[in-house]
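The sequence lines fix the lettering, A, B, ..., with proteins before strands; numbering per chain opens at 1. Because the structure is a prediction, the values reported are computed rather than measured.
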Amino acid sequence: QKEVEQNSGPLSVPEGAIASLNCTYSDRVSQSFFWYRQYSGKSPELIMSIYSNGDKEDGRFTAQLNKASQYVSLLIRDSQPSDSATYLCAVMMNYGGSQGNLIFGKGTKLSVKP
Amino acid sequence: DTGVSQDPRHKITKRGQNVTFRCDPISEHNRLYWYRQTLGQGPEFLTYFQNEAQLEKSRLLSDRFSAERPKGSFSTLEIQRTEQGDSAMYLCASSGGYIQYFGAGTRLSVL
């Protein structure tokens with residue numbers, strides 16, 4: 001059973017701080033990794049995708065991937081109250097080289113205090 | 001393009017009734033996915049289609065669940081003889097590559 005693990009939180013940070021969200025996965029052959037943001041009662045919204053080891057930056061967001069350690073993280077700089085949401089880590093399954101479904105973690109609830 | 005569309009947004013039904021949900025993907029996307037999400041959990045994969053072919057359905061929760069995508073465009077997810085445990089958010093996503101875009105979901109409540 002392929003698994004994605006996240007700390008469910010809640011993670012509370014003050015406004016302007018860096019929020020650090022972590023995720024580990026069990027399937028060594030996984031190649032594609034995603035962070036989705038989900039506001040309460042809404043559907044998941046893609047924040048970042050990452051496919052290679054190292055860092056990928058997009059605005060205030062940085063995704064970090066370490067395939068050897070089977071670890072993915074998301075850093076949110078200058079956190080804002082509007083960043084308060086649940087962050088879902090997802091790993092893509094591959095079927096014979098074709099993209100398949102996503103396996104999600106349970107999500108980490110982030111709260112940014114003004 | 002208006003994104004992935006799901007209908008209805010909310011469905012309340014009595015136990016034992018059948019329900020059907022519809023998903024219209026982003027028009028140029030050939031892959032369509034169904035997920036279920038319960039409170040406090042991440043989305044759980046159910047099934048997916050590439051064009052009209054259903055490529056993975058072993059994760060459908062029971063034989064009461066079925067899905068179709070008859071012409072490779074919209075898809076339907078049917079739950080027969082609903083049970084209270086079926087109450088959840090049912091999410092549809094579509095993709096033309098690696099990124100999956102989600103619809104707003106259908107929230108099912110089984111009384």
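The CD atom of B:Q100 sits 7.5 Å away from atom CG of A:N101, with the distance rounded to the nearest 0.5 Å. Note that OG of A:S43 and CD of B:Q37 are 9.5 Å apart. Values are rounded to the nearest 0.5 Å. In this structure, CD1 on B:I99 lies 7.0 Å from CE on A:M92, to the nearest 0.5 angstrom. The OH atom of B:Y98 sits 11.5 Å away from atom CZ of A:F33, with the distance rounded to the nearest 0.5 Å.
Of the listed residues (B:G42, B:G105, B:G40), the greatest number of heavy-atom pairs within a distance under 4.5 Å of chain A belongs to B:G42.
With B:Y33 contributing its side chain and A:G100 its backbone, the two residues share a donor-acceptor pair below 3.5 Å.
Side-chain heavy atoms closer than 4.5 Å link hydrophobic residues (I, L, V, M, F, W, Y) into clusters, and following such links, possibly through other members, connects A:V72 to A:L11. In the hydrophobic clustering of ILVMFWY residues, with side-chain heavy atoms under 4.5 Å counting as a link, B:Y35 and B:F74 come out apart. A:L74 and A:Y39 fall into different hydrophobic clusters, where Ile, Leu, Val, Met, Phe, Trp and Tyr residues are linked whenever their side-chain heavy atoms come under 4.5 Å apart, directly or through other members.
For A:K56, the NZ atom counts as densely surrounded, since its 6.0 Å shell holds more than 12 non-hydrogen atoms of other residues, nucleotides or ligands. Under a cut-off of 6.0 angstrom, the local environment of CG in B:L111 is crowded, with over 12 non-hydrogen atoms contributed by other residues, nucleotides or ligands. More than 12 heavy atoms of other residues, nucleotides or ligands shown are found within 6.0 angstrom of CZ on B:R64. Other residues, nucleotides and ligands contribute over 12 non-hydrogen atoms within 6.0 Å of the CZ atom of B:F21. The environment of CD in A:E45 is crowded: more than 12 heavy-atom neighbours from other residues, nucleotides or ligands sit within 6.0 Å.
Contacts between B:F102 and chain A at a heavy-atom distance below 4.5 Å involve backbone atoms as well as side-chain atoms. No part of B:Q6 comes within reach of chain A, as not one of its non-hydrogen atoms sits under 4.5 angstrom from that chain. Interface residue A:L102: backbone and side-chain heavy atoms are both found under 4.5 Å from chain B. Proximity to chain B is limited to the side chain of A:Q38, based on heavy atoms less than 4.5 angstrom apart.
Here the closest heavy-atom approach between residue B:L91 and residue A:P44 is recorded as CD1-CD, 3.9 Å.
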